[in-house]
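Please read these numbers as outputs of a predicted model, since none were measured by experiment. All chains are named by letter (A, B, ...) in the order of the sequence lines, taking the proteins before the strands, and each is independently numbered beginning at 1.
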Amino acid sequence: MSEVTDIGLWGVPLAIIGGAIRVSTPFLFVSLGECITERSGRINLGLEGTLIFGAMSGYAIAVNTQSPWFGVLGAAFFGMIFGLFHGWVCKFKGVNDIAIGIAMMLLGSGLAFFFGKPYIQPVAPDLPAISFGWWSDIEQVRAALQVNVLFIIGLVIALFLAWGFKSTKIGLTVRVVGDSTDAARAIGLEPDKIRLLSTAAGGALAGIGGAYLSLYYPGSWNEGISSGQGLMAVALVIFARWNPINCFWVALLFGGAGALGPALQSVGISQGYYLFFAAPYVLTLGLLIATSSPNKAMESAPGELSITK
Amino acid sequence: MIKKNFTRRTFLGTSATALGATALATSGLTGFASAADLTVGFIYVGPKDDFGYNQAHAEGAAAVKAMAGVTVIEEENVPETVDVQNTMESMINFDGATLLFPTSFGYFDPHILEIAPKHPNVRFQHAAGLWSADKHPMNVGSYFGYIGMGQYLNGITAGHATKTKKIGFVAAKPIPQVLLNINSFLLGARQVDPEITCQVIFTGEWSLAVKEAEATNALADQGCDVITCHVDGPKVVMETAAGRDAFVCGYHANQGPLAPEKYLTGAEWNWASIYTGMVKTVQDGGSIDNFVRGGLAEDFIKMSPLGPAVSDAARAQFDATKAQIMAGGFAAIKGPLKDNKGNVIATDGQSFVETDIALESMDYLVEGVIGSIS
């Protein structure tokens with residue numbers, strides 16, 4: 001081990017920054033995916049299952065091909081299939097997208113556990129990370145600033161989506177479908193088809209989020225790999241007010257808040273660690289209350305979304 | 001997910017065995033039909049190839065499977081909820097199991113306690129020190145190994161390997177067995193250098209991959225250069241710690257293959273010998289003791305082969321201490337000793353040997369452990 005600097009209490013902010021970078025990526029991808037889906041007027045609660053299946057399939061493919069990138073592509077592909085299925089079923093009359101989402105969540109994790117059995121033991125190659133800590137000679141800083149390429153790709157996607165929703169034809173099409181099915185029909189769009197494709201795109205991103213879990217951090221496949229990140233990310237989208245850039249910040253916030261509990265214990269502040277572990281949730285509640293308004297409806301919520309209707 | 005080829009014949013066969021066993025147990029007869037097929041059920045809380053707690057038990061189950069006249073049924077990923085009651089009921093009623101090993105800590109209360117009185121002829125063996133004769137049914141037994149001694153030996157290799165004099169422990173929940181492991185790990189290391197401290201981080205759950213990785217990183221950030229753990233699947237901790245260039249000591253099973261250069265040694269369960277022994281006892285018509293304990297000497301636990309990073313001095317001290325433990329009557333917790341809040345745990349000359357039942361209700365972290373249990 002290279003010479004370790006005693007960083008004492010600086011460990012806490014460092015862990016929060018490092019944790020934000022390490023832990024946020026699955027939140028980011030799932031919430032971006034859900035952002036696309038919800039902007040088109042559907043909710044896909046099944047992304048937790050997609051995430052787990054993405055983690056399993058990405059890992060399995062990486063083990064078999066020895067290439068983590070094929071794993072990521074495979075996870076995106078299977079995520080897309082899950083999304084397509086959800087989108088297709090929801091097209092039928094009287095089908096509730098939330099109920100289907102819950103069913104898909106259970107299906108996704110069940111299938112992942114079933115097919116994932118032989119892949120718990122083998123070791124897959126990890127996704128590469130880029131060191132942004134070269135300027136520092138403190139080992140801990142360098143470790144915290146190991147940024148995975150998927151994190152950067154996620155950031156780029158967030159920027160791209162923000163621009164796309166505002167300034168591209170496709171983005172506007174998705175939004176109009178999400179805001180009013182009738183208006184969309186009136187201008188000759190096919191809402192079902194657009195929602196199908198949006199849900200597929202959302203599923204693909206969630207699958208990539210899963211691949212990050214199994215191929216980088218924590219970097220192995222087992223059945224407890226996700227502790228509800230997929231579900232939380234769905235909530236994050238509402239918190240982020242359906243804005244991809246906000247999704248990025250909120251994902252960082254959640255990643256950082258999750259690192260708080262272990263970091264505080266590591267510097268000796270260990271009383272009541274169960275409370276620190278609840279930090280991300282307390283934070284969400286607090287911010288939601290602080291930013292809510294009793295007088296107006298949720299700003300920028302897609303009009304066709306079944307939870308806001 | 002019960003891994004068994006279920007045919008009518010096996011059903012009839014096992015039912016017959018169950019009836020036979022019932023008759024035997026009620027009449028108190030033993031012996032003559034004991035070689036008949038015995039069905040043994042194993043229940044795991046996680047996947048049985050998790051490089052950890054469940055794998056250790058599953059390796060024991062595999063050894064039982066190899067015995068003649070035994071059918072083994074297994075179910076994994078059974079939560080510590082009413083699910084485990086259903087699993088036990090189905091193993092008893094449909095598979096005719098008469099000996100069950102529900103292996104997870106949380107299966108005991110209320111689940112085993114709920115099911116056991118309904119099936120007086122089925123034996124429930126639980127791996128933890130929760131059973132007591134005056135409170136619990138007699139067809140439930142408790143068995144456990146003194147694996148704290150394994151963590152003590154881990155601590156000796158850690159004490160030699162650490163340069164920063166800080167070692168780290170990723171722990172799940174502050175229950176007595178975990179606290180004993182943490183304390184033993186530090187006390188082992190302090191045999192090498194009394195200046196060493198041990199930082200502990202509790203994650204709150206037996207299996208939380210991301211939080212375990214975060215905890216390991218937080219320990220590495222604080223300069224801990226040898227890390228061990230007590231969680232169900234140590235794989236994440238081992239890989240993350242080795243990725244941060246820290247040495248690791250294993251737990252539950254051999255995690256050496258995950259970090260060959262960084263692995264010092266590990267405290268492993270050795271359930272194969274225990275389980276085959278228990279099954280043999282039942283086959284021979286005997287009954288298993290309700291309270292079974294053992295350590296290194298009794299083959300309940302074993303140590304992983306020492307890794308390449310273990311120095312000669314460390315190896316010598318490791319071997320010497322191991323020999324002392326094997327001889328019996330060894331005490332890791334001995335006075336003068338205070339807990340990390342300053343309360344006296346043991347006065348000079350007072351000691352708690354590995355078999356001391358008082359250790360099974362441990363509720364303190366010793367001096368030098370940085371952390372708190374609430």
Requested in this report: Report the C-alpha separation of B/Q55 and A/Q121 in whole Å, then their side-chain angles, then the decisive distance to 0.1 Å, and conclude whether the side-chain hydrogen bond (donor to acceptor under 3.5 Å, both in side chains) test is met.
Outcome: CA-CA 11 Å; B/Q55 179 172 326; A/Q121 295 256 338; 2.9 Å; yes

For atom [atom1] of [X], decide whether the heavy atoms of other residues, nucleotides or ligands shown that lie under 6.0 angstrom number more than 12.
X	atom1	value
B/K338	NZ	no
A/W10	CH2	no
A/Y274	OH	yes

Query raised in the report: Judged by modelled atom types alone, do A/Q140 and B/Q222 share a side-chain donor-acceptor pair under 3.5 Å?
Result: no

**Report entry** Where A/P122 and B/K235 come nearest, the two heavy atoms and their spacing
**Finding:** O-NZ, 3.8 Å

What part of [X] gets closer than 4.5 Å to chain A, counting heavy atoms only: side chain, backbone, both or neither?
X	answer
B/N217	side chain
B/V236	side chain
B/E239	side chain

Query - Interface moiety of A/L213 toward chain B, non-hydrogen atoms closer than 4.5 Å - result: side chain

Report task. Let me know if A/Q146 has heavy atoms under 4.5 Å from chain B in its side chain, its backbone, both or neither. Result -> neither

Under a 4.5 Å cut-off applied to non-hydrogen side-chain atoms, are [X] and [Y] in contact?
X	Y	result
B/P47	A/K117	yes
A/I120	B/D49	yes
B/E214	A/Y217	yes

Report task. Apply side-chain contact (heavy atoms from CB on, under 4.5 Å) to A/Q229 and B/V210, showing your working. Result -> CA-CA 10 Å; A/Q229 281 100 329; B/V210 173; 3.3 Å; yes

Requested in this report: Identify which of B/L258, B/T203, B/T216 forms the greatest number of heavy-atom pairs closer than 4.5 Å to chain A.
Outcome: B/T203

Query - Contact leader toward chain A among B/S372, B/A218, B/A213, B/A209, where contacts are heavy-atom pairs under 4.5 Å - result: B/S372

Report task. I would like to know whether B/V200 and A/Q265 meet side-chain contact (heavy atoms from CB on, under 4.5 Å); could you show each step before the answer? Result -> CA-CA 7 Å; B/V200 59; A/Q265 283 193 59; 5.7 Å; no

